[in-house]
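These numbers come from a predicted model, not from an experiment.
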Amino acid sequence: IVAKFLKTILDHHRTIFAGGTAYNLDVEGRADKILECTNPNIPATGSMAFLHFDQFLIVSNSGPLIRSMIAARDGRTASVLGRRELRTSLDELASAINGFVYVQGPELERVLVAMDDYVEKSTAVVDTVFKTERRAEAERNVLRAKYAQYGSKAAIPSAKAPEFEADVQAELAAMWAKESSKYTAADRATIAESIGWCRTFSSIYLQVVLDPQSIQLQGRALFDWR
C-alpha cells in the first residue's frame with residue numbers, strides 16, 4: 001500500500017520530479033532508509049522525503065529533519081516529549097485522535113529567523129523561477145543590444161551560440177539584481193509578522209477527533225508576552 005501511495009505521488013507530479021535526484025539516506029540504528037527526492041521545481045526546500053517503518057509513514061520536506069525525528073524517538077537526542085507544556089497537553093488528549101499539532105513559540109521563532117537569513121542571502125543567486133519566466137525577455141534584450149544584425153535568435157550562427165547564452169545569463173543576473181527585492185519583500189514581511197506572533201506564546205496545541213457525525217477540535221495556548 002505504501003509503495004503504491006508513493007508511486008501515485010511520483011506519477012502525478014512527474015513533471016516536477018523529472019530531472020531530479022533521489023537519495024537513500026541512512027538512519028542511525030535502523031535498517032530503514034529515508035527516500036529523498038530533490039528537484040529545483042519543488043517549492044520551499046526543493047525536496048520531498050519519505051520514511052516507512054513499522055506502522056508509520058513519515059512525509060516531510062527534509063530528509064535530515066526525519067533523521068532528527070527518529071533520533072528523538074529512539075532517545076539519542078532530546079525529545080519534545082520532555083517538555084512540561086507538552087506533557088500537560090498530552091494529559092488532556094482524547095483516547096483516540098485523528099490529528100495533533102503542537103507548536104513551540106521560541107523554537108519556531110528560531111526557525112523563522114533562519115528562514116529570513118536564507119531569504120536575504122538567496123537574492124545573491126538568480127531565482128530559478130525568475131530565470132524561466134524572464135528568459136524570453138532577456139533574450140530579446142541581448143538580441144537587440146548585441147546581435148541585431150542577425151534579426152532573430154534562430155539566425156545566430158552555431159559558433160556564436162555559447163557567447164549568446166553567456167550574454168543571456170549575464171542579462172538575467174542584471175535583471176535579478178534590480179528586481180530581486182520585489183520577490184523577497186512580501187516573504188520577509190510575512191516572516192517578520194510570524195516572528196512577532198511567536199513571541200506572544202510559549203506553546204500551542206490542537207487536537208482533532210473525527211467521527212461519522214462530527215468534527216471535534218480542542219486546543220490550548222500558553223501565552224508568554226516577550
Side-chain angles (χ1 to χ4, degrees), residues 2-25 33-51 57-67 111-196:
V2 174
K4 184 177 179 181
F5 171 74
L6 294 180
K7 183 179 184 300
T8 300
I9 291 178
L10 297 177
D11 286 344
H12 183 70
H13 299 285
R14 185 184 302 275
T15 56
I16 293 179
F17 287 102
T21 305
Y23 301 91
N24 284 315
L25 307 181
K33 301 282 188 180
I34 299 170
L35 171 63
E36 183 163 29
C37 305
T38 65
N39 190 294
N41 293 320
I42 300 175
T45 62
S47 72
M48 289 185 65
F50 311 88
L51 174 64
L57 171 64
I58 300 176
V59 181
S60 174
N61 62 0
S62 168
L65 175 59
I66 295 180
R67 274 180 172 162
V111 172
L112 291 170
V113 169
M115 288 176 60
D116 188 58
D117 290 341
Y118 173 79
V119 170
E120 183 178 10
K121 293 175 182 176
S122 67
T123 57
V125 180
V126 184
D127 181 75
T128 302
V129 175
F130 180 88
K131 278 186 174 183
T132 302
E133 293 177 346
R134 305 294 292 276
R135 181 179 175 90
E137 179 183 347
E139 288 181 349
R140 289 194 298 269
N141 293 345
V142 171
L143 187 65
R144 184 169 54 249
K146 295 185 177 182
Y147 301 86
Q149 68 270 29
Y150 298 110
S152 68
K153 176 183 174 181
I156 297 176
S158 57
K160 285 279 188 179
E163 180 182 342
F164 177 76
E165 178 61 25
D167 289 336
V168 170
Q169 294 301 323
E171 176 67 11
L172 283 167
M175 292 166 61
W176 176 250
K178 292 179 181 178
E179 303 180 34
S180 59
S181 61
K182 298 178 183 178
Y183 287 79
T184 59
D187 290 337
R188 298 195 70 186
T190 300
I191 291 172
E193 182 179 2
S194 299
I195 289 174

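Closest approach of L25 and G63 over heavy atoms only: CD1-CA, 3.8 Å. Heavy-atom minimum distance, A49 versus S62: CB-C, 3.8 Å. Closest approach of Y150 to A155, counting heavy atoms only: O-CB, 3.2 Å. Of all non-hydrogen atoms in L143 and S152, the two that sit nearest each other are CD2-CA, 3.8 Å. Heavy-atom minimum distance, K33 versus L51: O-CD1, 3.3 Å.
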Enumerate, atom names and distances included, each donor-acceptor pair closer than 3.5 Å involving a side-chain atom of residues 168-178, sequence neighbours excluded.
residue: Q169; atom: NE2; partner: E165; partner atom: OE2; Å: 2.7
residue: E171; atom: OE2; partner: N141; partner atom: ND2; Å: 3.1
residue: W176; atom: NE1; partner: T123; partner atom: O; Å: 2.8
residue: W176; atom: NE1; partner: V125; partner atom: O; Å: 3.1

Run the side-chain donor-acceptor check on residues 186-193: report pairs under 3.5 Å with partners two or more places apart or on a different chain.
residue: R188; atom: NE; partner: D116; partner atom: OD1; Å: 3.0
residue: R188; atom: NH2; partner: D116; partner atom: OD2; Å: 3.1
residue: T190; atom: OG1; partner: A186; partner atom: O; Å: 3.0

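Remark: side-chain polar atoms of S47 are not paired, donor with acceptor, to backbone N or O of C37 under 3.5 angstrom.
Qualifying salt bridge (charged side-chain N to carboxylate O under 4.0 Å, His left out) partners for D167, counting only residues two or more places apart in sequence or in other chains: K146. Q149 meets the side-chain contact (heavy atoms from CB on, under 4.5 Å) test with no other residue; sequence neighbours excluded. Scored by the salt bridge (charged side-chain N to carboxylate O under 4.0 Å, His left out) test, R67 finds no partners at all (sequence neighbours excluded).
The line from CD1 of I34 to CD1 of I58 is 8.0 Å long, rounded to the nearest 0.5 Å.
Legend: salt bridge (charged side-chain N to carboxylate O under 4.0 Å, His left out) pairs involving residues 153-162, not counting sequence neighbours, sorted by first then second residue: E139-K153, K160-E163.
N24 has its side chain within reach of L35: a pair of non-hydrogen atoms, C-beta onward, lies under 4.5 Å apart.
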